[in-house]
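Written below as structure tokens is the structure these notes are about.
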Amino acid sequence: MRQPIRTGGCQCGAVRFRISGKLGRPSICHCRMCQKQFGSFFSALVTAPDEGMEWTRGEPSYFQSSVNIERGFCKNCGTPMTYRHPGGLELAIGTFDDRSDLAPQIQVNYDARIPWVETIFDQPVHTDPDFYARQEAIISFQHPDHDTATWPAEGVKI
């Protein structure tokens with residue numbers, strides 16, 4: 001059975017990928033290095049296949065975060081994209097154009113989690129309609145969630 005083609009990339013569109021192989025298990029990592037790489041409470045990653053992964057526009061730059069780990073990012077916009085280790089390559093779930101079926105199935109480094117991370121979705125939802133009306137007026141320079149034949153190397157500018 002042939003696997004579906006998956007695409008994704010960074011926020012500005014300078015780095016794009018295509019995957020034709022089967023992805024591994026989606027996960028959340030709570031380690032401090034992932035928190036710092038993503039500037040967030042945890043990282044959300046999925047294992048890339050050994051074959052069928054290709055960079056279709058540009059490639060990530062890498063930061064050696066430990067003896068055997070490299071963390072990839074877009075050098076133009078800073079989007080965290082990969083976690084490369086001796087066992088393979090993990091991709092940030094948020095970089096996929098379609099993320100709907102990539103719900104994490106396991107948490108790793110759970111003891112390093114921020115204690116309140118378990119209750120963040122218990123907080124009230126902001127419902128001010130004026131706030132959302134202002135959000136809709138924002139002009140985004142973000143690359144769309146699909147491949148494009150061309151994209152400005154420096155992103156869209158007004």
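Computed from a predicted model, the values in this text were never measured in an experiment.
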Is there a continuous path of hydrophobic side-chain contacts, each under 4.5 Å between heavy atoms, that joins [X] to [Y]?
X      : Y      : answer
Val108 : Phe42  : no
Ile28  : Phe38  : no
Ile93  : Phe17  : yes
Ile114 : Ile120 : yes

A quick test of your reading: do over 12 heavy atoms of other residues, nucleotides or ligands sit less than 6.0 Å from CD of Gln123?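 Yes, the 6.0 Å shell around CD holds more than 12 heavy atoms from other groups.
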Considering residues, nucleotides and ligands other than Asp50, do more than 12 of their heavy atoms fall under 6.0 Å from its CG?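 Check fails, neighbour count at 12 or below.
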Test the Arg99-Phe96 pair against the cation-pi criterion, namely NZ or CZ under 6.0 angstrom from the six-membered ring centroid and within 45° of the ring axis.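 No; the conditions do not both hold, so Arg99 does not lie above the ring face of Phe96.
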Cationic tip of Arg113 within the cone over Phe41's six-membered ring, i.e. under 6.0 Å and within 45° of the normal?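 Relative to the ring axis of Phe41, which defines the angle, Arg113 lies outside at least one limit.
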Using 0.5 Å steps for rounding, measure from the OH atom of Tyr83 to the CG atom of Leu45.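 Reported to 0.5 Å precision, the distance equals 8.5 Å.
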To the closest 0.5 Å, what do you measure between NE2 (His30) and CG (Asn109)?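 It is 8.5 Å, given to the nearest 0.5 Å.
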Could you tell me whether Asp101 and Arg6 make a salt bridge, using a distance below 4.0 angstrom between a side-chain N and a carboxylate O?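 Judged by the 4.0 Å cut-off on N to carboxylate O distance, Asp101 and Arg6 do form a salt bridge.
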Asp128: which residues meet the salt bridge (charged side-chain N to carboxylate O under 4.0 Å, His left out) condition with it, sequence neighbours left out?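 Scan of Asp128 (salt bridge (charged side-chain N to carboxylate O under 4.0 Å, His left out), adjacent residues dropped) gives none.
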For Ser65, which of Lys36, Gln37, Arg71, Glu70 qualifies under side chain to side chain donor-acceptor pair (under 3.5 Å)?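 Of all the options given, the one that passes is Arg71.
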